[in-house]
Engineer: 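Structure incoming, see below.
We name chains A, B, ... by the order of the sequence lines, and we start the count at 1 in each one.
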There are 2 protein chains.
Amino acid sequence: MVVQLKDIAKRLNISISTVSRVINDTGRVNKDTRDLILKTIKEMGYQPNEVARSLKRKSANTLGVIVPDLSNSFYASVIKGVEKVARENEHSVIVCNSDEDILKEEEYVQLLLQKQVTGLVIATVGGNPELFEQYKRSGIPFVFIDNLPNTQENFDVVTIDNVKAGYDLAKHLVEQGHEKLAIITGPQNQSTAAERLLGFRKCLEDNGIDIREKWIGVGEFRRESGYDIMNEWLKQEELPTAIFAANDFLLYGAIRAILEKGLSIPQDIAAVCFDANDETGLVRPQITSIIQPAHMIGAIAGEIIMRKEKNKNLKVFEKVVLEPKLIINESSQIQTGR
Amino acid sequence: MVVQLKDIAKRLNISISTVSRVINDTGRVNKDTRDLILKTIKEMGYQPNEVARSLKRKSANTLGVIVPDLSNSFYASVIKGVEKVARENEHSVIVCNSDEDILKEEEYVQLLLQKQVTGLVIATVGGNPELFEQYKRSGIPFVFIDNLPNTQENFDVVTIDNVKAGYDLAKHLVEQGHEKLAIITGPQNQSTAAERLLGFRKCLEDNGIDIREKWIGVGEFRRESGYDIMNEWLKQEELPTAIFAANDFLLYGAIRAILEKGLSIPQDIAAVCFDANDETGLVRPQITSIIQPAHMIGAIAGEIIMRKEKNKNLKVFEKVVLEPKLIINESSQIQTGR
DNA sequence: ATGAAAGCGCTAACAG
DNA sequence: CTGTTAGCGCTTTCAT
């Protein structure tokens, strides 16, 4: 049987409140009884029931995180960042994988709300803005990362400037002399996908480069999408000389198509993307990429929630815009011989 | 304010038990009042408080998962497998990252127990067997994956035969004609690390190949370890012709060292490992590897827990041994020209 | 078919 | 310094 407060109280012939006091170190308790209680707790292997505590406290001391894809190392790092802050504040983390599915996402949001999470970090895949506005009224802080909700309402946000980052990444290609640029981006109801495309467009305009609508590919943020779109392009006579992908998986798929066709990177086609975090160190070609500070994004998101928990009446919304890094690698540089 | 049962009861001038009944669809309720209640619930945006429910139910309907490294795609897949089963059974998943740290692991186990999880899936990094035996008495099912606890007690386990897999992987190298074999494995208090080494040894013995103790490297399951150990070996005059690593990260580090030294794979040194799941499709050389059915491991682990929840008095322990696949790739095959 | 009331395990007033 | 008691929001007997 599981031992609980009343068991150790009974054993010691004292009241459960005294026991509770020493466990929570709140209020004074006679040194001797305190020691005795501590000893008994250990002996009996007492573990406080967090559910009961949560009910009383009206908070589960838990952060919820919803990401589209656990397998993407960008999100894995974000989660680690959230977890670090959660740990420091004695909270735990419920991780949910929406699998790029809006319905699943909504389901998980509800679930987390019902679980009385302290706050919620979410990389939405384009969820209904009205729902978010409704949830907002629940008072549970939502911190958006990566993708922002498509609404004018104020929310807490930790992100990068995706338009600028897209611009910079395209700029890099332009500086390498490319004029036939193609882009593969994600679902346009996801702000990252839309904004990176926007930055790309702007850069081309600013540099007087033709935007070829046929070379604007829109897919899912998955390898298959990148592969399929690229293959379509490869069937045509005229080929782009550079590919810009809005995330890493899209590019991996595209590169696979390119290589299968017998073309080389970057000689025939240069390739760049967002968040090519190479956990193996062996991805070839090494990818030129905009790298978001994923761990920090997660950590800051967690901190915002902790701050709001401590200061409930703090009704200010934070919009944190972090600086990503452009890492230039062989996938976009004509090799200058060894 | 958050709306709760009593609010909608008050509004309708009925008792909360009736409302509860329609929500849980338990017991009969007049069709009209039921419809009215349903309507009001929607209007007021009622969300049941899962914490209160959990307290009453004495279970949080949640599975806990503890893995050593969220960034390793093997574990990411395991988690997805658990999550799938959890979803199907209307449970959620709390993911914890022990970061290969025994203390953190113990902390998380405690936390999850306190949270009244329905069960716990754990890839231990060598936690104290006595603790596990103690926890077992709590009645909450622990399902071990990947690493097994170092104890004779019965536990639920979903794994592969690591000795055999290690044997097979080594065998492959032997069949390629290698006689100077080196192994890089993980902490020996982790069963996977120890058993894979065992299989390796056995294979060499069976094939009359010298086991060179100097080429048995023991590190952490991280890239740096693989890199450092390999670099030590590379300093010496005599080099192995093949490297066997007990996990992917170890091998990635080793390969990096090999390549930096200007040697090639597999011509100078062949390289194989466990669980080289290439999410990018661009890792070069492509790694010969034993691949565990990660998703299935997670799913089965989840199912065991669900089964035990439904049938509390089921005191049988399941030991599921799955079949891994040996994927042969360029990292271990002398190319026969194109 | 519905309501009253007990209780899940704990915390925190309040009283002594 | 310690005990009594009232909830936290919900489910579930037990009456009616």
Engineer: Given C:dC10, is OP1 or OP2 found less than 4.0 Å from the side-chain N or O atoms of A:S20?
Structural biologist: no
Engineer: Can you figure out which of C:dA4, D:dT11, D:dG3 approaches the side chain of B:I16 most closely?
Structural biologist: D:dT11
Engineer: In this structure, how many angstroms lie between the C1' atom of C:dA12 and the CD1 atom of A:I23, rounded?
Structural biologist: 14 Å
Engineer: Can you work out whether A:N24 or B:K56 has the more 5'-proximal nearest nucleotide on DNA chain C?
Structural biologist: B:K56
Engineer: Could you tell me how far apart A:R57 (CZ) and D:dG9 (C1') are, to the nearest whole angstrom?
Structural biologist: 15 Å
Engineer: Give a yes or no on whether a salt bridge exists between A:E88 and A:K84, defined as a side-chain N under 4.0 angstrom from a carboxylate O.
Structural biologist: yes
Engineer: Tell me whether the OP1 or OP2 atom of C:dG9 has a side-chain N or O from B:K58 closer than 4.0 Å.
Structural biologist: yes
Engineer: Look at A:D69 together with B:K80 and state whether they make a salt bridge at an N to O cut-off of under 4.0 Å.
Structural biologist: yes
Engineer: B:A52 side chain: which of C:dC10, C:dG9, D:dC10 is closest?
Structural biologist: D:dC10
Engineer: May I ask you to check whether A:F155 and A:F142 place their ring centers less than 6.0 Å from one another?
Structural biologist: no
Engineer: With a 3.5 Å cut-off and heavy atoms only, can you find an N or O donor on one side and an acceptor on the other between the side chain of A:S17 and the base of D:dT4?
Structural biologist: yes
Engineer: Provide, to the nearest angstrom, the distance between the CD atom belonging to B:Q4 and the C1' atom belonging to D:dT11.
Structural biologist: 15 Å
Engineer: Can you measure B:K10 atom NZ to C:dA4 atom P for me and round it to whole angstrom units?
Structural biologist: 13 Å
Engineer: Which heavy atom of A:K136 sits nearest a heavy atom of A:F317, and at what distance?
Structural biologist: CE-CZ, 3.4 Å
Engineer: For A:R53 and C:dT11, is the shortest distance between a side-chain N/O and OP1 or OP2 below 4.0 Å?
Structural biologist: yes
Engineer: Taking only N and O in the side chain of A:S15, is any of them less than 4.0 Å away from OP1 or OP2 of D:dT2?
Structural biologist: no
Engineer: Could you check which of C:dA4, C:dT11, D:dG9 has an atom nearest any side-chain atom of B:R21?
Structural biologist: C:dA4
Engineer: In this structure, how many angstroms lie between the P atom of C:dA4 and the CG atom of B:N13, rounded?
Structural biologist: 11 Å
Engineer: Could you state the CG-C1' distance from B:D7 to D:dC10, rounded to the nearest angstrom?
Structural biologist: 13 Å
Engineer: For DNA chain C, determine which residues of residues 25-49 of chain A have any heavy atom closer than 4.0 angstrom to one of its atoms, and list them numerically.
Structural biologist: A:Y46, A:P48, A:N49
